[in-house]
Number of protein chains: 2
Amino acid sequence: MERRSRWTLPSGEPTIRDVAAKAGVSKSLVSLALQGSSRVAPETRRSIQRAADELGYRPNAIARSLGAHRSRTIGVYVLDLHNPIYVDILDGVQAEAHRLDYRTIVVMGSSDRRIERAELDKLMEFRVEGLITMGHRLPVGARDAISDSCPAVLVGAEPRLTPHLLSVCTDDTRGTALAVDHLVGLGHSAIAHVTGGTNSVARKRERGYVQAMERHGLHEHIRCIPGGFTDEDGYHGTIEALDAAVRPTALFVANDFAAIGALAAAADRGLDVPGDISIVGYDGTRLSGLRSIGLTTVAQPLTDMGVAASRELCSRLDDGPGATRRVRMSPDMMIRTSTAPPRKS
Amino acid sequence: MERRSRWTLPSGEPTIRDVAAKAGVSKSLVSLALQGSSRVAPETRRSIQRAADELGYRPNAIARSLGAHRSRTIGVYVLDLHNPIYVDILDGVQAEAHRLDYRTIVVMGSSDRRIERAELDKLMEFRVEGLITMGHRLPVGARDAISDSCPAVLVGAEPRLTPHLLSVCTDDTRGTALAVDHLVGLGHSAIAHVTGGTNSVARKRERGYVQAMERHGLHEHIRCIPGGFTDEDGYHGTIEALDAAVRPTALFVANDFAAIGALAAAADRGLDVPGDISIVGYDGTRLSGLRSIGLTTVAQPLTDMGVAASRELCSRLDDGPGATRRVRMSPDMMIRTSTAPPRKS
DNA sequence: ACGATCTGTTGGACCGGTCCAACAGTCACG
DNA sequence: CGTGACTGTTGGACCGGTCCAACAGATCGT
């Protein structure tokens, strides 16, 4: 007895048998009643419920999963909880999963491969029934999980769909078009783009920018400066753009985080935003909405995307594989104080 | 068969019995070997390991918990994942828990009470052995959990300790002293404080500020302007401070988030930071370190606090209740670009 | 009056592990 | 050579649920 931790289960949590005894029925019936089966007599159901309440009975998810061969749990992989965009999505994922009576287990990616791997293993050990991943980098371990035919939905990426792979994303082409249209509407034509690097999401946004510029007949103004998704990346890309022979009057930056770096770069070069240069970000994180930042940005419906991810996954789990869908949502322009018409020269 | 979801356990995950059969031993021995028991012959251990690897065996955490009466899982309650301070702490919590071979289940507080409650229930249903909570607001449900004698550690708060309640925090009195000392060292004397509201953490920092000012003989300069922990709160408090009859030359704001609001307020009043006014925050979030923000702040060793929380909890779980400790860590001054000597008048 | 059907309930096998009592075999010691 | 201690292994009870086959009793049609 000594060697066993004091805080273990046997300590006395009431079990289904205790409830059965108290209500004077068999444990099977308690199980049925608690699951809401319609085969239980209303009278019996009430007395079982009463017994359970009085004992403070709490179902044991562990035992339930084992017996039922279902965990009613989905795993959520988040690339980086430090990035507010994922937390916003997570809000939606959790709310909807909860509504559909699924539990979630959230794990975070890590630069330490071993920890990331362990976290993913945890998911498998808890026998999650499905997986939601967000972030452009798909963790290596997730591939195994997916190929082991546990269905997954990728948020924000657009992979080739398979029966096991769903996707929820926003229309980045449309989003970038919104950003460019907004700047052109203000009177800008020298609009440069600080890219998000070489990952697929960044590529998409870059292509969208080019298309939109061409649509406006601004071919000769197209300029893509290589950047990335962090504020450092945005800073350096912007410095490069500002120091160019002919300075753009507006900058479209690949995401909010990098756009904040762009703000700093403009300040360092003694330029007023939006007086001397307008800056537009992408994502619509709360961060960008902070008073001292006030970044104009292309807002993705982050929470709604999370909701959609849960909805797709859970309905697939409950109803079996249907037509595999790709949910594509619409971004929205969020105009704040980092954009204005160009100074008349 | 039809009505059962296709993605259920029976699908074929190898079990301990499969491994036993393949290795030609009993399942008990496989269990022993996989737990690393020293009673297993080295030769046998190897062949069991080989069999497990070849089958791609993954232990079933569910079944293990049930049989062992231990889940080796701790619950982590985070008030708000949107606040980067908690994510930094979480990094430490996870890393250390993992090192000590514990799993974590992270749940997030929610403004929707029902969701918050459900998340806490989830923790109990998974039979977590202990709880780590962070955030000044202790969720109602957590009280139950704690009183049900599952030990808990509060990060960042200093409750009355009980055998079940541990605490990890920083020395806020010392932290505020650092901030005031820094400003005094630069030559400031008119140093005002925008408070964090009426919660216990904010109170502590306010007291620390008053003490430090008195220590420097600056009694007559003590000014506390009521604020809060959000950027809005910081904005309004700062506006009030700046519009006062005699304007302070420096501001100590209760946390980073609010200090960022203060930065915006200064900008709105046409004041240069740090030229016209110096601003110091508190927490040392990554946010404050962003290039375009560059906030001088009192940094808490957030990740280390997380590590300490896991360490305390797990050692208590493994070794039983020892002397109940309160871990108090030291904050550190992080000097950036929002502070400078006052303008000579 | 009798089987068929339906409603409500029950016992018990089962899930995949852990862990304990029991045991076979080896070795050292008196 | 018998005995006790130690090493390595095993069968089986057990954890707290789910779920299925079986069943008792009521209702109904013929």
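The analysis underlying the following values was restricted to heavy atoms, covering all of them including side chains, and did not include hydrogens, waters or symmetry mates. First the proteins, then the strands, lettered A, B, ... as listed; each starts at 1.
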Task: Side-chain N,O (Thr15(B)) to OP1/OP2 (dC15(C)) below 4.0 Å - done: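 Checking Thr15(B) against dC15(C): no side-chain N or O falls below 4.0 Å of OP1 or OP2.
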Open item on the list: For a quick test of reading the model: is some side-chain N or O of Gln35(A) closer than 4.0 Å to OP1 or OP2 of dC19(D)?
Closed with: yes
Rounded interatomic separation in angstrom, taking [atom1] from [X] and [atom2] from [N]:
X         : N       : atom1 : atom2 : answer
Arg127(B) : dG16(D) : CZ    : P     : 8 Å
Ile16(A)  : dC14(C) : CD1   : P     : 19 Å
Arg46(A)  : dG8(C)  : CZ    : C1'   : 15 Å
Leu34(B)  : dC19(C) : CG    : C1'   : 15 Å
Leu66(B)  : dC15(C) : CG    : P     : 14 Å
Arg72(A)  : dG17(D) : CZ    : P     : 17 Å
Arg45(B)  : dT9(D)  : CZ    : P     : 10 Å
Arg64(A)  : dG16(C) : CZ    : P     : 18 Å

Task: Electrostatic pair Glu125(B):Arg64(A) at N-O distance under 4.0 angstrom - done: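 No salt bridge links Glu125(B) with Arg64(A).
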Task: Backbone N/O of Thr104(B) and side chain of Lys122(A): donor-acceptor pair under 3.5 Å - done: yes
- [ ] List for me each residue that meets side-chain hydrogen bond (donor to acceptor under 3.5 Å, both in side chains) alongside Tyr57(A), sequence neighbours excluded, and say none if there are none.
- [x]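 For Tyr57(A) there are no side-chain hydrogen bond (donor to acceptor under 3.5 Å, both in side chains) partners, ignoring immediate neighbours.
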- [ ] Could you list by number each residue of residues 23-32 of chain B showing a heavy-atom separation from DNA chain D of less than 4.0 Å, or answer none if no residue does?
- [x]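 Val25(B), Ser26(B), Lys27(B), Ser28(B), Leu29(B) - these, ordered by number, are the residues of the stretch whose heavy atoms sit under 4.0 Å from the strand.
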Open item on the list: When you measure from the centre of the six-membered ring of Phe126(A), is the NZ or CZ of Arg103(A) closer than 6.0 Å and no more than 45° off the axis?
Closed with: no
Open item on the list: Closest approach to the side chain of Ala63(A), judged atom by atom: which nucleotide of dG16(D), dC15(D), dG8(C) is it?
Closed with: dG16(D)
- [ ] Using five pairs at either end of the helix from dA1(C)-dT30(D) to dG30(C)-dC1(D), determine the angle between the two local helix axes and round it to 10 degrees.
- [x] 50°
